[in-house]
Amino acid sequence: MAAITVRPLTLKKMEALGFSLMIVAVVLMATAVWGGSHRFQEDVVLNSGEYYLYTLNGHQWSTVYFSIKSTGPVTVCITDGTGVEMLKSGEGPLCFFKAEDTTSIEKIWRFPEKGHLYLVLVPAPGTRQARVSITVKSGLILW
């Protein structure tokens, strides 16, 4: 019966190579996650008849988390370029996600393969003024 023996020097070289490859992989992953992440926070005041439009940037492998808190009811909409054009022409936006007359919402959404997403806030009819706090985080969000 033949026995395969590995010399200690060869084993140490294999361990060093494996460890080096692991370090390179960790550095590349950390760079991709850190470079692709984005955080935005803003407080806005919406008057009757106005709307707020925010462009959500990301990649098809990333997600966006947003949190909206308002003093008055607002409609929250996630849409694409077509929905924005409809909004600008005076029609209501065509939304992928829509929450009407809400004062607080948290949502995680995945980006499409192509194109941008937009976050639209519109005060509810009859609302004079609404102060809105917006928090947006994008990237690889694992929770």
Asker: Salt bridge (Lys or Arg N to Asp or Glu O under 4.0 Å): which pairs involve residues 94-109, sequence neighbours left out?
Answerer: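 The answer is K98-E100.
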Asker: Which pair of non-hydrogen atoms, one from S70 and one from A130, has the smallest distance, and what is that distance?
Answerer: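 Scanning both residues, the minimum pair turns out to be OG-CB, 3.7 Å.
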Asker: Hey, what do you get for OH (Y118) to OG1 (T82), rounding to the nearest 0.5 Å?
Answerer: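 So the OH of Y118 and the OG1 of T82 are separated by 10.0 Å.
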Asker: Give a yes or no on whether V84 and V136 share a hydrophobic cluster (residues Ile, Leu, Val, Met, Phe, Trp, Tyr; joining criterion: side-chain heavy atoms under 4.5 Å apart).
Answerer: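 Shared cluster, no.
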Asker: Let me confirm one number: the CG-OG1 distance from L56 to T79, rounded to the nearest 0.5 Å.
Answerer: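 L56 CG to T79 OG1: 10.5 Å, rounded to 0.5 Å.
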Asker: Should F96 and Y54 be regarded as members of a common hydrophobic cluster, given that ILVMFWY residues are connected when their side-chain heavy atoms come within less than 4.5 Å of each other, either directly or indirectly?
Answerer: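 Yes; tracing contacts between hydrophobic side chains, which count when under 4.5 Å, links both residues.
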Asker: I'd like to know if the side chain of T135 and the backbone of S67 have a donor-acceptor N/O pair within less than 3.5 Å.
Answerer: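 No.
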Asker: What's the separation between atom CD1 in I108 and atom NZ in K137, rounded to the nearest 0.5 Å?
Answerer: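 NZ of K137 is found 9.5 Å from CD1 of I108.
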Asker: For the hydrophobic clusters of this structure (ILVMFWY residues joined by side-chain heavy atoms under 4.5 Å, transitively), does one cluster hold both F40 and I105?
Answerer: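 Yes, same cluster.
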Asker: With a 4.5 Å cut-off on side-chain heavy-atom distances among I, L, V, M, F, W and Y, is there a chain of contacts connecting V120 to I78?
Answerer: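 V120 does not cluster with I78.
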Asker: Excluding sequence neighbours, so at least two apart, what forms side-chain contact (heavy atoms from CB on, under 4.5 Å) with L121?
Answerer: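 Partners of L121 by the side-chain contact (heavy atoms from CB on, under 4.5 Å) criterion, ordered by chain and then number, come out as L46, Y52, I68, V76, V132, I134.
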Asker: Give the cluster check for V122 versus L119: same hydrophobic cluster or not, with ILVMFWY residues linked at side-chain heavy-atom distances below 4.5 Å.
Answerer: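 No, V122 does not connect to L119 through the hydrophobic network.
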Asker: Show which residues join M86 in its hydrophobic cluster (side-chain heavy-atom contacts under 4.5 Å, direct or indirect), or state none.
Answerer: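 Direct or chained contacts put M86 with L94.
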Asker: Which of parallel (below 30°), tilted (30 to 60°) and perpendicular (above 60°) describes W109 and F97?
Answerer: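 Tilted, since the angle between the ring planes falls between 30° and 60°.
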Asker: Under 3.5 Å, side chain of T127 to main-chain N/O of Q129, donor-acceptor pair present?
Answerer: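 Not confirmed, T127 side chain does not pair with Q129 backbone.
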